[in-house]
Colleague: 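Take this structure, written in structure tokens, and hold onto it; I'll ask about it next.
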Amino acid sequence: MAECHPVGFQWVTEAKARGAKVVHIDPRFTRTSAIADLHVPLRIGSDIAFLGGLIRYVLDNELYFDEYVRAYTNAAAIVGEEYVDSEDLDGLFSGFDPETRTYDEASWQYEPEEPPHSSSDDPPEAAEQERSEQHPDVRHADRAQAAGSGGPPIPSKPKRDETLQHPRSVFQILKRHYARYTPEMVSEVCGIEPEVFLQVAEWVTENSGRERTTAWVYSVGWTQHSVGAQYIRTASILQTLLGNIGRPGGGIMALRGHASIQGSTDVPTLFNLLPGYLPMPHALQHQTLDDYVGDAAGKAGFWGNKRAYTVSLLKAWFGDAATAENDFCFDHLPKITGDHSSYQTIAAMIRGEVSGYFLVGENPTVGHPNSRMNRFGLANLDWLVVRDLQMIESATFWKESPEIETGELAPESIATEVFFVPAATHAEKEGTFTQTQRVLQWRHKAVEPPGDARSDLWFYYHLGRILRERLADSTDPRDRPLLDLTWDYPLEGETQDPSAAAVLREINGTGPDGRALSSYVQMRDDGSTTGGCWIYCGVYADEINQAARKKPHREQGQVPSEWGWAWPLNRRVLYNRASADPGGRPWSERKKYVWWDEEAGRWTGDDVPDFEAEKRPDYVPPDGARAQDAIAGTDPFVMQGDGKAWLFAPAGLVDGPLPTHYEPAESVVENGLYKQQANPTVEFIEGPWNRANPSRSDVFPFQVTTYRLTEHHTAGGMSRTLPYLAELQPEFFVEVSPELAELRGLANGEYATLVSARTAIEAKVLVTERVRPIRLRDGTVVHQIGMPYHWSYSGISTGDAANDLLGIVLDPNTHIQESKASTCDIRPGRRPHGPELLDLVESYRRRAGVASGRVGLNGRDPVEASAGEGSTQS
Amino acid sequence: MTEGLTTPGAGWRRADGPPAQQRQKRRRRGNGRRGGEVPMVDEAEFTSYYGRPIIKPPVWKTPDVPLYLFLGGAAGSSAILGALSDLSGGPQLTRVARLVAGGGSIASVGFLIHDLGRPERFLHMLRVIKPTSPLSVGTYILSPFSAAAGATAAVELLGWFPRLKRFGGIVSGVFGGPMATYTAVLLANTAVPSWHAFHTKLPFVFGGSAMAAGGGICMALTPLSESAPARKMAIIGAGIELVAVHGVENDESVVSEPYHVGRAGRFMRAAKACSAAGLGLAVLGGRTRVGATVSGALLAAGSLLTRFGVFDAGMASARDPKYTVIPQRERIKAREDAGSITR
Amino acid sequence: MTSISSASPAFTGNDPQNRLYGPLPDVQGEAGYDDDHPARVGFFTDTSVCIGCKACEVACKEWNLLPMDDSHGTRDVIGLSGMSYDNTGQLGANSWRHVAFIEQVRTVDLPMPTMGPPSHVDAPRGTGHTGAPPADALGLGADEVLSAQTSVLNAEALSEFDPQTGQSGADKQVRWLMSSDVCKHCTHAGCLDVCPTGALFRTEFGTVVVQGDICNGCGYCVPSCPYGVINQRKDDGRVFKCTLCYDRLTDGLQPACATACPTQSIQFGNLDELQARADARLATLKAQGVETARLYGRDEDDGVGGAGAFFLLLDEPEVYGLPPDPIVTTRDLPAMWRAAAKGAAMIVGVALTAVLGSRRAR
Amino acid sequence: MKTWLDAWPVFRQLTGPDPLGRGRAARSRATENVVSRTATADRVVQSVCPYCAVGCAQRIYVKDEQIVQIEGDPDSPISRGRLCPKGSASKQLVTSPTRVTTVKYRRPYGTEWEDLDLDTAMEMIADRVLEARRKGWQDEHEGTRVNRTMGVASLGGATLDNEENYLMKKLYSALGAIQIENQARI
């Protein structure tokens with residue numbers, strides 16, 4: 001955290017000064033570890049084993065927060081008989097279909113209390129949605145994320161055993177599932193000393209419960225794994241057992257890497273989402289608005305109002321054209337049919353199926369793994385528009401790139417037309433970022449952008465305007481959506497910039513009287529309200545730009561609610577109802593946060609209560625109650641169908657209801673728990689440009705991980721071109737332990753070549769004790785290599801792109817690539833340039849038994865490998 | 001960080017390998033005259049930041065500054081010689097001394113200004129008088145001296161205002177002494193270990209070296225009839241220089257090591273050879289024409305090489321952290337042993 | 001009105017008011033400022049919370065518009081230094097802040113540097129725990145137990161586990177020291193004293209600043225700084241160093257580096273307050289068992305009369321590239337002048353004997 | 001005469017309280033009127049750092065329509081006026097001389113960049129969007145109605161404002177483009 005979010009780290013040093021214990025769990029000793037009380041140097045890719053060990057420690061020693069678990073989690077729920085745990089199927093859960101390598105969630109469901117879907121408006125529609133949910137194409141369309149903050153729909157309320165003794169109760173299933181995660185097993189799999197694990201376990205349990213809370217902080221170190229989503233699930237189970245969710249000083253904090261990456265998932269430029277985590281309509285499921293909202297109709301929790309949110313969105317987009325008769329123009333929305341994430345799109349590009357591509361403030365040939373494949377994709381486009389501040393590598397792939405040297409690409413053979421349209425910086429445009437704490441902060445405009453540089457608001461507004469003018473008198477039904485669009489925003493200044501405030505107001509939504517709404521509960525499904533993004537409703541409450549509030553923190557209390565605006569409804573800690581006991585009283589005076597005020601008859605506290613203000617703690621929902629009314633007074637998790645925190649996830653995750661330890665897709669170690677080596681539902685992309693390193697191969701014997709440095713920013717476009725940052729970390733380097741340096745004859749400060757089945761790159765070597773080898777019980781030694789990935793060939797500070805080395809293998813839930821765990825070989829000296837590079841890498845592939853990686857022109861059609869086809873990777 | 005059981009400094013050592021710069025014992029070749037190995041001070045272990053210098057080496061350019069030191073010294077001693085011989089009646093010696101003093105001083109001013117980072121601002125030296133700055137005090141020595149010596153030399157050549165010569169000669173003579181030795185304070189008053197440590201001896205090194213140079217040159221250029229005073233001064237000067245240099249080189253502290261090793265060592269050894277030879281020749285054959293010129297030249301060369309040697313030794317001692325850390329550690333230990341103040 | 005006739009201590013050496021050496025409480029007053037001059041300000045750098053992010057280096061260069069380190073900014077000039085994460089190397093004309101990185105290893109099996117309050121070593125809780133091994137099993141004497149932290153990584157349990165144990169007999173402990181170095185703005189500043197043009201001067205805030213319009217690049221200050229801070233810029237000729245953001249101070253703002261420092265390792269303020277804060281911080285660390293913590297440059301009796309920017313270090317100063325016992329060269333100046341005077345007298349004497357001697361001989 | 005003499009620091013040393021010329025006497029005229037560029041700025045604008053998601057508030061000082069300084073904003077409860085090295089280099093990011101400020105165009109099989117003015121570029125891009133949209137249009141996919149185009153794809157958004165992301169998603173959806181992605185997925 002000190003590496004990539006240093007200013008956020010001030011709060012860690014603040015807590016430390018007040019006696020907090022800081023534990024840093026990371027394969028490398030980083031600048032965070034330098035300040036931490038304890039550094040746990042666990043092996044790359046073994047986080048679930050460590051966290052599972054903590055869960056077992058908590059359950060075994062009864063150190064969980066008893067009342068919290070009984071009242072607020074689904075520990076008491078009883079799971080159906082068909083469910084078989086991975087402990088009994090040697091690594092697979094019940095319902096696994098080997099051909100499509102997907103799970104059918106049916107066997108994970110609760111044992112129902114009342115008939116399924118009874119609480120839904122339209123039971124047959126909900127059941128139909130339920131069935132179509134299992135179709136593999138839908139499975140791949142990333143339903144999990146669509147549930148987003150809503151939690152997937154569950155057919156009915158579970159039967160419960162409050163004594164938590166029932167063998168099929170979630171609590172007992174959890175105990176059995178993690179029974180094998182003993183401190184010894186954890187230290188064997190994670191390669192750390194048992195005492196280190198026990199010290200962490202002791203500190204975590206000592207600092208949880210009524211009087212104290214523990215917080216977990218993570219970043220892409222967890223998400224960029226083939227089991228990334230399950231990493232975070234394990235931490236949520238642990239935090240829920242310890243009662244740390246929804247309480248001050250607790251929770252799980254995601255540290256996101258880009259200024260508004262949280263914003264770009266809330267108001268998403270993502271294929272599977274509409275604003276507010278509404279799922280993108282799926283061709284198989286959602287031909288009409290009723291299909292679309294069928295699964296959530298009448299469901300408990302705020303998702304019950306899905307129709308209101310959707311209609312408001314459609315009214316915001318299509319204005320008067322959207323009427324009740326035409327399903328509020330629901331049919332205007334294009335439908336997805338599966339996984340259209342960026343890697344699938346690049347594969348489609350190489351097949352020549354994509355004509356045009358926009359790169360808007362992103363540098364995929366350095367930031368994406370397997371940069372070679374990305375460049376092949378770009379080489380097969382008709383045209384490419386790049387909007388950035390500096391001339392980034394993704395814009396000059398046709399002129400200079402490793403493939404130009406090796407001859408796989410050549411300017412004369414690349415047909416892609418490239419437009420580099422300069423962009424405005426953060427100081428030259430106004431607008432909001434959504435920070436990692438869900439806070440929207442407004443930036444005022446300082447100066448005009450230079451020359452032809454324009455903001456992206458300008459670019460897309462005027463592109464839309466020109467397109468609408470072109471198609472003004474078209475009668476083709478395909479163009480209706482574009483023509484029905486509400487696209488008139490006040491234009492400012494002589495560069496005719498659309499008003500960002502007006503767009504924010506549209507996102508906030510307006511009521512029947514045209515005035516800005518102040519809460520999403522005001523949204524109606526009769527078309528009388530608009531709302532570009534329901535979770536942002538309230539950012540323009542009372543016609544004031546709440547995100548632009550800048551009340552100094554000195555004039556505010558512990559929770560600075562008058563600086564910027566947090567979604568939803570300015571709540572700074574989500575699910576903060578859980579900071580009070582079932583009766584509404586704070587768990588302890590020290591950790592008081594939100595509580596029930598009997599006289600006032602409403603919830604109150606330091607933060608905006610994440611609960612309906614007047615709902616009494618002893619409120620019991622009448623049966624047949626719907627949406628938020630179905631949430632009991634003792635259900636803090638208002639977005640979940642059953643209002644409880646899910647220790648066991650009967651739905652919503654495509655790779656299992658409970659996290660379990662799998663090795664990374666490319667690992668040098670055998671899975672110590674099961675025969676099943678890696679995540680069975682992991683997503684591969686086949687192609688000569690994306691060959692995988694076989695696991696446990698002695699051709700690629702070292703485990704490698706990628707990470708960032710404080711001095712540079714992700715793909716380096718905004719830092720390698722700046723003198724002051726370039727000179728702080730001037731060259732691409734890899735971090736290697738003295739033992740590995742000795743083993744391979746590497747010298748500090750000299751060059752080394754790293755080779756994988758994708759390509760070979762060169763980097764200077766930094767020999768350091770901060771990266772340590774791990775000896776497993778059977779004597780094998782795991783050597784680990786650290787690789788910061790900021791560099792590429794342009795800018796002041798240059799080097800090879802670390803991401804060239806990595807392949808693309810995706811987490812099935814989120815399609816995020818596994819760039820935190822890969823394998824490679826390392827040898828002293830610089831890499832060959834030109835065609836010899838291809839020969840070197842091909843020889844490695846042959847030795848490793850990997851199919852040939854040779855490609856035809858522009859990476860398009862694979863050339864028959866000179867040697868035999870070789871075994872295709874299992 | 002670590003408590004109780006650990007030793008002070010807690011046994012932490014640099015991660016990449018053994019303590020940096022574990023100097024091996026270096027055998028110092030005895031110089032020409034005395035055979036046998038001069039034992040180095042036993043190698044105290046010291047740590048540094050990746051072996052990087054702790055203080056900044058001077059930014060003065062070579063050969064500018066050593067030449068400045070040499071010419072300043074030669075001019076200073078010649079000016080004194082000229083003034084005295086003028087009073088005691090040695091016209092040719094006086095004339096030569098004055099010319100040497102004048103030429104030397106003008107040239108040294110030239111080198112001083114050339115060495116400046118911003119030569120066009122050399123007059124800023126006269127902005128302040130700072131007793132704490134040898135260069136500021138030096139400027140108020142150098143300006144009158146070079147004015148007087150220069151004028152006298154000019155008058156000597158052009159023959160105008162003959163009466164002025166004596167007055168100019170006396171003024172330059174008065175400033176000749178400080179001119180020769182202030183440069184020693186200039187070097188010593190820095191953090192450079194091998195200069196600062198010998199701040200009481202350097203003035204005598206430079207004084208002797210000045211006399212050897214001034215005397216030597218005047219001896220070489222003056223007819224034998226009047227060159228006796230120059231010869232005596234050169235001989236005594238060279239003697240003092242050799243003794244003083246010996247005192248500097250053989251101090252038991254580690255900071256005298258740079259005078260023996262590397263380029264500085266070569267300079268110092270050559271300087272001693274020239275001075276000694278020059279001294280011997282001046283004593284034996286100083287009265288013969290050839291002997292005077294050759295010994296004069298040798299003495300001047302010896303003096304010049306000493307300046308280069310001292311300059312390079314200082315630079316070397318600034319570049320290696322060892323010469324800063326070890327003496328300071330010894331100083332702390334001595335203070336702690338004496339129990340005066342603890343860290 | 002003190003006049004020059006008071007034969008300044010530089011020559012005579014009697015220096016009752018410590019104008020050349022020793023503690024000097026009112027450094028601005030000595031430099032001629034009226035009594036209403038602002039309080040002396042400076043930095044306290046607490047390296048125990050420094051995370052080595054180098055925000056100070058960038059904020060300083062950005063505020064003072066410094067060129068790239070090699071001042072001609074050509075790409076091939078910058079390169080990986082191989083010195084852990086420090087690619088700046090040292091302070092200089094273009095780097096007025098420099099963050100040092102020292103990776104240290106220790107094979108003694110003691111826990112990581114803990115900064116929190118000493119964890120009370122109570123008897124291990126309940127048998128149910130496979131909790132931390134009892135303290136005495138580690139051979140700690142009874143009285144040491146309380147001050148010593150429970151040894152987390154004890155040698156026996158590790159030996160068969162960690163490959164390094166094979167080589168070193170006990171687990172390796174890594175410590176990564178980071179410290180942001182800066183000009184010390186000394187009470188007795190060697191650079192200021194030796195500057196012949198008066199370019200280096202004492203500001204009303206008690207800081208030492210180079211006046212760029214005066215400096216003629218004589219370079220005398222460069223070797224005179226006992227810490228090796230100030231340096232000449234190659235293609236400019238003049239010398240440059242940290243001005244403690246003299247221009248920002250006139251506008252009432254904190255220096256740029258102190259403003260940016262995320263963990264407030266760099267603290268700016270009145271020097272006396274900083275010294276009090278530093279003493280308290282040192283006491284806390286010592287109480288937490290951080291034996292190797294010490295203050296550097298805080299003591300008025302040190303060789304430069306106490307520094308305007310002082311540090312809390314976690315190891316010997318030279319490990320960070322700092323001199324262990326710096327003394328301002330001006331302390332010995334009187335002795336030097338006396339030696340020079342004797343030298344001059346010697347020359348005159350020798351010349352006299354030489355001239356008189358040969359006159360009698362003729 | 002008096003003022004002329006007074007300009008000479010030596011005279012000030014002899015007559016003033018600073019005989020050693022260490023402070024008051026040695027001050028030059030430029031030092032007397034040193035001023036901070038934050039004081040002479042025309043205006044201060046509150047902004048947020050563009051680098052990571054912590055969201056450190058920044059103060060941007062502007063003079064003559066040029067950004068002269070970007071530093072931390074002490075009012076922010078998130079950052080309390082502090083910045084990391086990247087945040088502190090924001091001014092260099094904004095005023096970098098290597099920043100591209102004119103539209104660059106590379107023709108098919110071209111080997112060099114060519115210049116293009118902004119309006120022409122916008123028209124050309126609009127043409128290509130329509131053409132690509134038509135090429136990749138699918139009314140149906142495997143029998144179910146999709147009314148979308150697979151011809152246009154987009155990548156990026158995590159470094160952009162919410163308003164920009166909103167217009168992009170709105171426009172792309174109306175065009176039928178569904179292959180819309182950003183860094184949230186890497």
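A note on names: the letters A, B, ... follow the listed sequences, proteins ahead of strands, and every chain is numbered from 1.
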Colleague: For the atom pair CE (Met168(D)) and CZ (Phe358(A)), what is the distance rounded to the nearest 0.5 Å?
Modeller: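 So the gap between those two atoms works out to 8.5 Å.
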
Colleague: Roughly how far, to the nearest 0.5 Å, is the CG atom of Leu471(A) from the CG atom of Leu175(D)?
Modeller: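 So the CG of Leu175(D) and the CG of Leu471(A) are separated by 8.5 Å.
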
Colleague: Run the side chain to side chain contact (heavy atoms under 4.5 Å, CB included) check on Val94(D) and His426(A) step by step: do they pass?
Modeller: CA-CA 8 Å; Val94(D) 177; His426(A) 72 294; 3.8 Å; yes

Colleague: Tell me whether Lys169(D) contacts the main-chain N or O of Leu270(A) through its side chain, where contact means a donor paired with an acceptor under 3.5 Å.
Modeller: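 It does hold such a pair.
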
Colleague: Specify which of Ile816(A), Leu440(A), Ile466(A), Leu457(A) makes the most heavy-atom pairs with chain D at under 4.5 Å.
Modeller: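 Heavy-atom pair counts peak at Leu457(A).
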
Colleague: So which heavy atom on Asn162(D) is nearest to which on Ile507(A), and how close?
Modeller: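 Looking at all heavy atoms of both residues, the shortest contact is O-CD1, 4.1 Å.
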
Colleague: Need one label for Leu485(A): side chain, backbone, both or neither, based on atoms under 4.5 Å from any heavy atom in chain D.
Modeller: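 Interface part for Leu485(A): side chain.
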
Colleague: Using non-hydrogen atoms only, which part of Val103(D) is less than 4.5 Å away from chain A: side chain, backbone, both, or neither?
Modeller: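 Answer is both: backbone and side chain atoms of Val103(D) are under 4.5 Å from chain A.
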
Colleague: Would you say Gln287(A)'s side chain and Arg145(D)'s backbone share a donor-acceptor pair under 3.5 angstrom?
Modeller: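 Checked: pair present.
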
Colleague: Arg106(D) and Ala415(A): which non-hydrogen atoms are nearest, and at how many Å?
Modeller: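 Scanning both residues completely, I find the closest heavy atoms to be NH1-C, 4.1 Å.
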
Colleague: Evaluate the ring planes of Tyr105(D) and Phe419(A), with Trp represented by its six-membered ring, and classify them as parallel (under 30°), tilted (30 to 60°) or perpendicular (over 60°).
Modeller: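 Geometry flag for Phe419(A) against Tyr105(D): tilted rings.
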
Colleague: Is any side-chain heavy atom of Tyr172(D) closer than 4.5 Å to one of Thr269(A)?
Modeller: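 No; the side chains remain at least 4.5 Å from each other.
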
Colleague: Go through the atoms of Glu430(A) and report whether side chain, backbone, both or neither lie under 4.5 Å from a heavy atom of chain D.
Modeller: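 Backbone only.
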
Colleague: Could you pull out the closest heavy-atom pair between Ile60(D) and Ala446(A), with the gap in Å?
Modeller: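 For Ile60(D) and Ala446(A), the tightest heavy-atom pair comes out as CG2-CB, 3.7 Å.
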
Colleague: What residue, out of Ala283(A), Pro6(A), Pro560(A), has the most heavy-atom pairs lying under 4.5 Å from chain D?
Modeller: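 Of Ala283(A), Pro6(A), Pro560(A), Ala283(A) has the most heavy-atom pairs under 4.5 Å with chain D.
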
Colleague: Hey, could you give me the OG1/CD distance between Thr432(A) and Glu163(D), rounded to the nearest 0.5 Å?
Modeller: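 One gets 3.5 Å once the value is rounded to the nearest 0.5 Å.
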
Colleague: Using a 4.5 Å cut-off on heavy atoms from C-beta on, say whether the side chain of Val421(A) contacts that of Ile125(D).
Modeller: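 With C-beta onward as the side chain, the pair touches.
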
Colleague: Passes salt bridge (Lys or Arg N to Asp or Glu O under 4.0 Å), Glu506(A) versus Lys170(D)? Steps please.
Modeller: CA-CA 12 Å; Glu506(A) 180 178 322; Lys170(D) 185 174 175 181; 2.6 Å; yes

Colleague: Report which part of Ala548(A) has an atom under 4.5 Å of a heavy atom belonging to chain D: side chain, backbone, both, or neither.
Modeller: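 Looking at Ala548(A), nothing touches chain D.
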
Colleague: Taking the side chain as every heavy atom from C-beta outward, state whether Leu725(A) and Lys86(D) have any pair of such atoms under 4.5 Å apart.
Modeller: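 Touching, per the 4.5 Å side-chain cut-off.
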
Colleague: Contact part of Pro723(A) toward chain D, heavy-atom cut-off under 4.5 Å: side chain, backbone, both or neither?
Modeller: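 Both parts, heavy atoms under 4.5 Å.
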
Colleague: Give, as side chain, backbone, both or neither, the part of Asp139(D) having an atom under 4.5 angstrom from any heavy atom of chain A.
Modeller: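 The answer is the side chain of Asp139(D).
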
Colleague: Could you look at Glu417(A) and say if it's the side chain, the backbone, both or neither that has a heavy atom under 4.5 Å from chain D?
Modeller: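 Glu417(A) touches chain D through backbone and side-chain heavy atoms alike.
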
Colleague: I'd like to know if the side chain of Thr714(A) pairs up with that of Gln183(D) as donor and acceptor (distance under 3.5 Å, no hydrogens or angles considered).
Modeller: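 The criterion, which ignores hydrogens and geometry beyond distance, is not satisfied for Gln183(D) and Thr714(A).
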
Colleague: Side chain, backbone, both or neither: which part of Trp383(A) has an atom under 4.5 Å from a heavy atom of chain D?
Modeller: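 Side chain only.
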
Colleague: Please classify the contact between His332(A) and chain D as side chain, backbone, both or neither, with a heavy-atom cut-off of under 4.5 Å.
Modeller: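 Interface part for His332(A): backbone (N, CA, C, O).
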
Colleague: Determine the sole option in Arg134(D), Arg128(D), Lys135(D) for which the salt bridge (Lys or Arg N to Asp or Glu O under 4.0 Å) test with Asp382(A) is passed.
Modeller: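 Result for salt bridge (Lys or Arg N to Asp or Glu O under 4.0 Å) with Asp382(A): Lys135(D).
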
Colleague: Charged N to carboxylate O below 4.0 Å: is that the case for Glu164(D) and Arg387(A)?
Modeller: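 Not counted as a salt bridge, because no side-chain N and carboxylate O are separated by less than 4.0 Å.
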
Colleague: With heavy-atom distances below 4.5 Å as the criterion, would you say the side chains of Met150(D) and His340(A) are in contact?
Modeller: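 In short, these two side chains touch, coming nearer than 4.5 Å.
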
Colleague: Whether the side chain of Glu181(D) engages the backbone of Phe271(A) through a donor-acceptor N/O pair (distance < 3.5 Å, no angle test) should be reported.
Modeller: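 Yes; judged by distance alone, with no hydrogens or angles, the pair exists.
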
Colleague: Provide the closest heavy-atom pair for Ala259(A) versus Pro50(D) in the form atom of the first, atom of the second, distance.
Modeller: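 Looking at all heavy atoms of both residues, the shortest contact is CB-O, 3.4 Å.
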
Colleague: Is the shortest side-chain N to carboxylate O distance from Asp75(D) to Arg554(A) below 4.0 Å?
Modeller: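 Yes.
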
Colleague: Are Thr98(D) and Gln390(A) linked by a side-chain donor-acceptor pair shorter than 3.5 Å?
Modeller: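 Side-chain D/A pair, Thr98(D) to Gln390(A): present.
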
Colleague: Could you check whether any side-chain N or O of Arg478(A) sits under 3.5 Å from a backbone N or O of Gln138(D), counting only pairs where one atom can act as donor and the other as acceptor?
Modeller: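 Judged by distance alone, no pair lies under 3.5 Å.
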
Colleague: Between Asp73(D) and Lys550(A), does any side-chain N to carboxylate O distance fall below 4.0 Å?
Modeller: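 No.
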
Colleague: Is it the backbone or the side chain of Val354(A) that comes under 4.5 Å from a heavy atom of chain D, or both, or neither?
Modeller: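 Both backbone and side chain of Val354(A) come within 4.5 Å of chain D.
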
Colleague: How long is the span from the CD atom in Gln179(D) to the CD1 atom in Ile346(A), to the nearest 0.5 Å?
Modeller: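 Atom-to-atom, Gln179(D):CD and Ile346(A):CD1 are 10.5 Å apart.
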
Colleague: Against chain A, work out which of Ser154(D), Gly176(D), Cys56(D) has the most heavy-atom pairs shorter than 4.5 Å and name it.
Modeller: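 The option with the most such pairs is Ser154(D).
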
Colleague: Are Glu65(D) and Glu448(A) side-chain neighbours, meaning at least one heavy-atom pair lies under 4.5 Å?
Modeller: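 Side-chain contact under 4.5 Å: no.
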
Colleague: How many angstroms lie between atom CD1 of Ile70(D) and atom OG1 of Thr425(A), to the nearest 0.5 angstrom?
Modeller: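 The distance works out to 7.5 Å.
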
Colleague: Under 4.5 Å from any heavy atom of chain A, what part of Trp137(D) do you find: side chain, backbone, both or neither?
Modeller: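 When you check distances to chain A, only side chain atoms of Trp137(D) fall under 4.5 Å.
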
Colleague: Using a 4.5 Å cut-off on heavy atoms from C-beta on, say whether the side chain of Glu112(D) contacts that of Lys399(A).
Modeller: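 Yes, side chains in contact.
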
Colleague: Output the option from Val152(D), Thr102(D), Leu160(D), Val62(D) having the highest count of non-hydrogen pairs under 4.5 Å with chain A.
Modeller: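 The option with the most such pairs is Leu160(D).
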
Colleague: Does the side chain of Asp127(D) come within less than 4.5 Å of Arg470(A)'s, by heavy atoms?
Modeller: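 With C-beta onward as the side chain, the pair touches.
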
Colleague: So what's closer than 4.5 Å to chain D heavy atoms on Ser455(A): side chain, backbone, both or neither?
Modeller: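 Both backbone and side chain.
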
Colleague: Looking at Pro422(A), Pro481(A), Gly532(A), which one has more heavy-atom pairs under 4.5 Å with chain D than the rest?
Modeller: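 Of Pro422(A), Pro481(A), Gly532(A), Pro422(A) has the most heavy-atom pairs under 4.5 Å with chain D.
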
Colleague: For the backbone of Met718(A) and the side chain of Tyr51(D), can you confirm whether one donor and one acceptor N or O come within less than 3.5 Å of each other?
Modeller: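 Flag set: sc Tyr51(D) to bb Met718(A) pair under 3.5 Å.
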
Colleague: For Gln437(A) and Ala53(D), which heavy atoms make the closest approach, and how far apart are they?
Modeller: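 Looking at all heavy atoms of both residues, the closest pair is OE1-O, 4.1 Å.
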
Colleague: Pick one of side chain, backbone, both or neither for Asp331(A), based on which atoms fall under 4.5 Å of a heavy atom in chain D.
Modeller: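 Looking at Asp331(A), backbone and side chain both touch chain D.
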
Colleague: Indicate yes or no for a side-chain donor-acceptor contact from Arg148(D) to the backbone of Lys335(A) under 3.5 Å, with no hydrogens or angles considered.
Modeller: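 Indeed, once roles are kept as given, a pair shorter than 3.5 Å links the two residues.
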
Colleague: Please state whether the side chain, the backbone, both or neither of Leu381(A) comes within less than 4.5 Å of a heavy atom of chain D.
Modeller: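 Neither part.
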
Colleague: Taking atom OG1 of Thr416(A) and atom CZ of Arg107(D), what is their separation to the nearest 0.5 Å?
Modeller: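 The OG1 atom of Thr416(A) sits 14.5 Å away from the CZ atom of Arg107(D).
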
Colleague: Between Ala177(D), Ser173(D), Cys84(D), which has the largest tally of heavy atom pairs under 4.5 Å with chain A?
Modeller: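 Answer, by heavy-atom pair count under 4.5 Å with chain A: Ser173(D).
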
Colleague: Could you tell me which non-hydrogen atom of Arg82(D) sits nearest to which non-hydrogen atom of Gln10(A), and how far apart they are?
Modeller: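 Result for this residue pair: NH1-OE1, 2.9 Å.
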
Colleague: If you measure only the distance, is there a donor-acceptor pair under 3.5 Å linking the side chains of Asn165(D) and Ser264(A)?
Modeller: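 Note: Asn165(D) and Ser264(A) side chains miss the donor-acceptor criterion.
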
Colleague: Go through Phe459(A), Tyr461(A), Phe318(A) and name the one with the most non-hydrogen pairs under 4.5 angstrom from chain D.
Modeller: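 Heavy-atom pairs under 4.5 Å are most numerous for Phe459(A).
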
Colleague: Arg454(A) versus chain D, heavy atoms under 4.5 Å apart: side chain, backbone, both or neither?
Modeller: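 Side chain only.
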
